[in-house]
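Worksheet: the structure to be examined is printed underneath.
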Amino acid sequence: MSRNEFAPLPSAATARYWAATRERRLLLQWCPNCERHVHHPREACPGCLSTELQWRESAGRGTVHAVSVHYRPFAPMTAEDCPYAVAFVDLEDGVRFLANVTADDLEAIRVGDPVSLQWSPIADGYHLPVFHANAH
Amino acid sequence: MRSTRSLRGEAAIVGIAEAASPTGELPARGRTLEAQVIKAALDDAGLTLADVDGVAHADSSLDLAEFLSIAPAFTESTYTGGSGYELYVEKAAAAIATGLAETIVIVYAATPRSDRKQGLGGWVEPAGPRDEFEVPYGLGLMGSYALAADRHMSQYGTTEEQLASIAVATRQWAGFNPMARFTDPLTVDDVLASPRICSPLHQLDCCLVTDGAGAIVVTSTERAKDLRNPVVPVLGAASLHSHNMIHAMPDLTVTPGAITGKRALDHAGVTAGDVGLLMGYDSFTITALLHLEDLGFVPKGEAGAFVADGNTRPGGSLPMNTNGGGLSYTHPGMYGIFLLTEAVRQLRGAAGARQIQDLEIAVAHGSGQFLSAMSTVVLGTEAAL
Ligand SMILES: [Zn+2]
């Protein structure tokens with residue numbers, strides 16, 4: 001299997017998140033009681049245990065918090081996907097989001113670099129949110 | 001949480017056994033291997049199965065007890081990854097201190113290296129949020145630790161050379177362990193020249209994949225004094241998990257060890273400066289580096305210089321992982337039991353060529369999953385009681 005064939009198995013808590021990726025929209029869970037985002041998406045808010053969670057769309061802007069360039073594939077990636085970069089991105093929404101980051105020179109990606117949202121198609125019409133390091 | 005805990009010195013480790021080989025492979029597997037190390041640990045203690053009223057096993061203490069035909073009063077199977085064995089010692093000591101049980105056997109065996117050769121299935125990660133929010137990006141175990149390493153380097157100026165020096169020092173210790181998988185001397189340049197798999201980590205920043213097994217017998221210190229080995233009391237212990245997948249780690253540069261280390265040392269009535277041996281789980285070089293800071297041996301951000309200066313090597317100020325560690329001795333998947341067997345061996349004065357002189361306090365610090373679940377056990381000699 002290659003990464004493009006990856007098919008997520010959404011749960012009740014994540015179905016809305018994955019459905020929005022069909023339209024290339026990044027939704028983050030939001031607790032109106034606590035006025036904060038909840039990520040990863042889950043059945044109840046870890047702040048107040050409310051099960052009435054809402055969704056807000058993210059603009060997908062942020063900066064690199066940590067990055068690792070992978071020279072060997074870890075499933076579902078394959079040798080053709082290598083090298084690839086995995087990074088934590090601190091979104092402006094206040095969420096630390098894990099994703100791949102693309103750049104002309106992966107080794108030049110640094111902590112603090114600004115990144116913007118892009119979409120990578122996967123199986124069943126879903127997309128994966130990924131990021132591009134603008135500076136490189 | 002209660003500020004005073006009463007398990008200090010109530011229980012002791014009286015039996016140890018382990019199986020490993022320089023080839024990385026063992027002829028036995030599964031229950032056969034478990035039975036062998038349990039027998040060896042009981043023999044070491046001078047006890048028999050008839051004395052055992054408690055068991056701990058990461059998969060199922062229920063199945064283990066049935067296999068051994070014993071009806072334990074203490075039964076423990078909490079899964080926290082590689083730190084489970086330190087957690088089991090903490091719980092065993094608490095159970096013994098409160099009179100729930102008296103003599104507890106903790107066992108582990110895994111043969112990933114032989115299993116792979118024979119085409120037997122490996123360990124399968126249980127389903128969870130990682131499947132949707134980490135796995136699709138090709139992030140595995142090593143990448144998770146690489147992200148922590150990258151953040152530490154960016155925040156504190158730690159270098160790849162400094163991380164590599166942990167692998168070098170650990171290999172020097174392995175040279176004194178005839179059971180170690182790798183004993184040839186290693187240089188920082190060797191580590192940096194090994195394949196870069198997940199930057200900033202190289203292949204030689206990673207633990208081994210070997211077969212291995214270990215067993216430990218814990219009993220009351222009162223009973224331990226009548227047994228054949230020098231008494232190695234449990235002086236303090238503490239456990240904590242702050243997350244499971246790395247995505248949920250509150251701060252990539254601070255592990256739960258920052259809390260468990262202080263709690264366990266306070267509980268033992270000692271400070272980091274009193275510790276003569278650190279057995280700190282080294283799944284990767286970055287793992288061991290974080291323990292040095294979080295357990296209070298050096299201030300946050302200074303472990304890189306500390307290891308590069310040779311402090312953890314043979315002859316250094318803080319011997320670390322004297323058996324050769326998960327990096328050079330053995331690492332069957334959940335290595336935590338080997339931290340305990342080596343600490344006990346050293347405290348008994350039975351570590352042969354790698355014996356630390358005048359050792360009184362040793363720390364076994366386990367780390368499970370993705371820097372997620374940590375347990376610190378402070379052990380001592382009878383003089384430390
Ligand atoms: Zn809430």
Side-chain angles (χ1 to χ4, degrees), chain A residues 2-11 13-15 17-18 21 39-43 46 64-78 81-90 95-101 106-107 109-113 120 122-123 126-131, chain B residues 122-158 160 163 193-203 205-206 242-254 284 286 290 370-371:
Chain A
S2 83
R3 213 281 286 277
N4 293 346
E5 297 161 49
F6 176 82
L9 292 171
S11 67
T14 62
Y17 171 90
W18 285 110
T21 72
H39 186 73
H40 60 94
R42 64 198 81 174
E43 291 79 359
V64 172
H65 181 83
V67 61
S68 172
V69 182
H70 286 40
Y71 292 91
R72 250 183 233 172
F74 292 77
M77 295 294 198
T78 60
D81 297 310
C82 287
Y84 62 94
V86 185
F88 279 119
V89 171
D90 286 329
V95 162
R96 183 166 302 154
F97 195 92
L98 186 97
N100 299 122
V101 174
L106 294 178
E107 282 284 350
I109 302 171
R110 291 282 175 274
V111 169
D113 283 352
S120 182
I122 49 173
Y126 293 117
H127 293 77
L128 265 188
V130 297
F131 292 85
Chain B
W123 188 78
V124 179
E125 187 179 334
R130 240 181 68 73
D131 298 336
E132 292 172 80
F133 296 98
E134 290 190 353
V135 171
Y137 298 104
L139 184 76
L141 188 75
M142 184 172 178
S144 300
Y145 283 81
L147 286 167
D150 181 68
R151 184 70 196 178
H152 199 277
M153 289 169 65
S154 146
Q155 207 161 318
Y156 296 110
T158 306
E160 292 182 24
L163 287 170
S194 69
R196 214 165 142 81
I197 301 176
C198 298
S199 72
L201 300 180
H202 304 75
Q203 185 165 338
D205 285 297
C206 301
S242 62
H243 61 283
N244 190 5
M245 62 174 176
I246 196 96
H247 209 151
M249 187 169 181
D251 180 337
L252 287 175
T253 65
V254 182
F284 299 91
I286 180 65
L290 290 168
F370 307 91
L371 298 166

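Protein chains get the first letters and strands the later ones, always in sequence-line order, with residue 1 at the start of each.
Looking at A:Ala87, the atoms closer than 4.5 Å to chain B (heavy atoms on both sides) all sit in the backbone: N, CA, C or O. Using a 4.5 Å cut-off between heavy atoms, B:Leu201 does not touch chain A at all. Proximity to chain B is limited to the backbone of A:Ala75, based on heavy atoms less than 4.5 angstrom apart. For chain B, the nearby part of A:Tyr17 is the side chain; its heavy atoms alone come within less than 4.5 Å. Only the side chain of B:Met245 has a heavy atom closer than 4.5 Å to any heavy atom of chain A. Both the backbone and the side chain of A:Pro129 come within less than 4.5 Å of a heavy atom in chain B. Interface remark: A:Leu9 contributes backbone atoms only to the contact with chain B (heavy atom separation under 4.5 Å).
Using a 4.5 Å heavy-atom cutoff, the side chains of B:Arg151 and A:Phe88 are not in contact.
Checked by atom type and distance alone, the side chain of B:His247 pairs as donor or acceptor with a backbone atom of A:Leu98 at under 3.5 Å. A:Arg3 places a side-chain N or O within donor-acceptor distance of the main-chain N or O of B:Pro136, the cut-off being under 3.5 Å. A side-chain donor-acceptor contact under 3.5 Å links B:Asp150 to the backbone of A:Val67.
B:Cys198 and A:Phe74 make their closest contact through SG-CE1, 3.6 Å (heavy atoms, listed as atom of the first residue, atom of the second, distance). The two atoms that bring A:Pro10 and B:Glu132 nearest to each other are CA-OE1, 3.7 Å, heavy atoms only.
Residues passing the side-chain contact (heavy atoms from CB on, under 4.5 Å) test with B:Ser199 are A:Ser68, A:Val69, A:Glu107, B:Arg196, sequence neighbours excluded. Remark: A:Asp90 pairs with A:His65, A:Arg96 by the side-chain hydrogen bond (donor to acceptor under 3.5 Å, both in side chains) rule, at least two apart or across chains.
Counting heavy-atom pairs closer than 4.5 Å to chain A, the top-ranked of the candidates B:Pro129, B:Ala127, B:Pro195 is B:Pro129. Chain B forms the most heavy-atom pairs under 4.5 Å with one residue out of A:Thr14, A:Val64, A:Val86, A:Asn100, and that residue is A:Asn100.
Here B:Tyr137 contributes atom OH and A:Phe131 contributes atom CZ; the two are 7.5 Å apart, rounded to the nearest 0.5 Å. To the nearest 0.5 Å, atom CE of residue B:Met142 and atom CZ of residue A:Arg72 are 7.5 Å apart.
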